Amino acid sequence: MTKTRHERRAIGAMRTGLGLTVAATALPHIDRATTHLLADHIRAGYPAYTQTLVDSAVTTYLVLLTVIGALGVIAWLWTAWAVKAGKRWARSAATVMFVLCAGVGLTGLLTMDTSGETGLPPALGWAGMAPCLAALLAVTFLRRRPGVSGRG
């Protein structure tokens, strides 16, 4: 059972982060079926690529982003469990997960490929950063001292 309001709020932020992670993981799959933003981005960076090569690159990105998303879901569930169970190391684990989340998100957002463009289109890169905001909020709640409370 959760002991403090800050822990309850942190778990709420973690649930939000879990939802954002699922959405960010699903978005490239939805894009493949609808807008083709990723395929168009690859095609623009590599105009000599055939449709087969573009499709192969999209599939590779989808597999990579799905694995990252699945690991993110596991991390959210594990960290929320640790906080809810009152594990002494939960705050440290949440902080480490935030740092990892930010690192992975920034990598997806900023990494340049050989075409000179970012590997992911900016919209998908920013979607990958969204769970980091929830992680930052969760860590902020967990790092507050139990005796410190604002209004509400």
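Computed from a predicted structure; not experimentally measured.
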Engineer: Are the side chain of T111 and the backbone of T107 linked by a donor-acceptor contact shorter than 3.5 Å?
Structural biologist: yes

Engineer: Rounded to the nearest 0.5 Å, what separates atom SG in C101 from atom CD1 in I68?
Structural biologist: 11.0 Å

Engineer: W89 vs W81 aromatic rings, parallel, tilted or perpendicular, using cut-offs 30° and 60°?
Structural biologist: tilted

Engineer: What's the separation between atom CZ in R144 and atom CZ in R5, rounded to the nearest 0.5 Å?
Structural biologist: 9.5 Å

Engineer: Which heavy atom in F98 sits nearest to a heavy atom in C132, and how many Å separate them?
Structural biologist: CE1-O, 3.7 Å

Engineer: Could you tell me which non-hydrogen atom of P131 sits nearest to which non-hydrogen atom of G17, and how far apart they are?
Structural biologist: CB-O, 4.1 Å

Engineer: Would you mind reporting whether T118 and L109 have side-chain heavy atoms less than 4.5 Å apart?
Structural biologist: no

Engineer: With the 4.5 Å side-chain cut-off for hydrophobic clustering, are M97 and I74 part of the same group?
Structural biologist: no

Engineer: Which atom pair, heavy atoms only, marks the closest approach of P28 to A24?
Structural biologist: CD-O, 3.1 Å

Engineer: Using the side chain to side chain contact (heavy atoms under 4.5 Å, CB included) rule, pick out the option among T79, V83, T16 that qualifies with I11.
Structural biologist: V83

Engineer: Do Q51 and R43 make a side-chain contact, defined as non-hydrogen atoms from C-beta onward lying under 4.5 Å apart?
Structural biologist: yes

Engineer: Do the side chains of S56 and Y49 get nearer than 4.5 Å, heavy atoms only?
Structural biologist: no

Engineer: Is there a side-chain contact between R8 and F141 (heavy atoms, below 4.5 Å)?
Structural biologist: no

Engineer: Counting only heavy atoms from other residues, nucleotides and ligands, does the tally under 6.0 Å from CH2 of W126 exceed 12?
Structural biologist: no

Engineer: Please determine whether residues V104 and L18 belong to a single hydrophobic cluster, defined as Ile, Leu, Val, Met, Phe, Trp and Tyr linked transitively by side-chain heavy-atom distances below 4.5 Å.
Structural biologist: no

Engineer: Hey, any chance M14 and V22 share a hydrophobic cluster, counting ILVMFWY side chains that come within less than 4.5 Å of each other, even indirectly?
Structural biologist: yes

Engineer: Between L53 and T50, is any pair of side-chain heavy atoms under 4.5 Å apart?
Structural biologist: yes

Engineer: Do L38 and I30 sit in one hydrophobic cluster, given that two such residues count as connected whenever their side-chain heavy atoms are within less than 4.5 Å of each other, even indirectly?
Structural biologist: no

Engineer: For residues A13 and W76, report the shortest heavy-atom separation together with the two atoms involved.
Structural biologist: O-CZ3, 4.5 Å

Engineer: Is there side-chain contact between H6 and L142, with at least one heavy-atom pair below 4.5 Å?
Structural biologist: no

Engineer: Under a 3.5 Å threshold, yes or no: a donor from one side chain and an acceptor from the other, between T66 and H29?
Structural biologist: yes

Engineer: Testing the 3.5 Å rule here: is there a donor-acceptor pair between the side chains of R32 and T59?
Structural biologist: yes

Engineer: Closer than 3.5 angstrom, by distance alone: can the side chain of H36 be matched with the main-chain N or O of H41 as a donor-acceptor pair?
Structural biologist: no

Engineer: Quick one: are T95 and R143 in side-chain contact, heavy atoms under 4.5 Å?
Structural biologist: yes

Engineer: Are L120 and L65 packed together at the side-chain level, in the sense that at least one heavy-atom pair is separated by less than 4.5 angstrom?
Structural biologist: yes

Engineer: Cluster question for you: counting only ILVMFWY and a side-chain heavy-atom cut-off of under 4.5 Å, with indirect links fine, are V58 and L27 together?
Structural biologist: yes

Engineer: Quick one: closest heavy-atom pair of I42 and A57, and the distance?
Structural biologist: CD1-CB, 3.7 Å

Engineer: Check whether Y46 reaches the backbone of S115 with its side chain - one donor and one acceptor, N or O, closer than 3.5 Å.
Structural biologist: yes

Engineer: Grab the two heavy atoms, one from D113 and one from G119, that are nearest each other, plus how far apart they are.
Structural biologist: OD2-CA, 4.0 Å

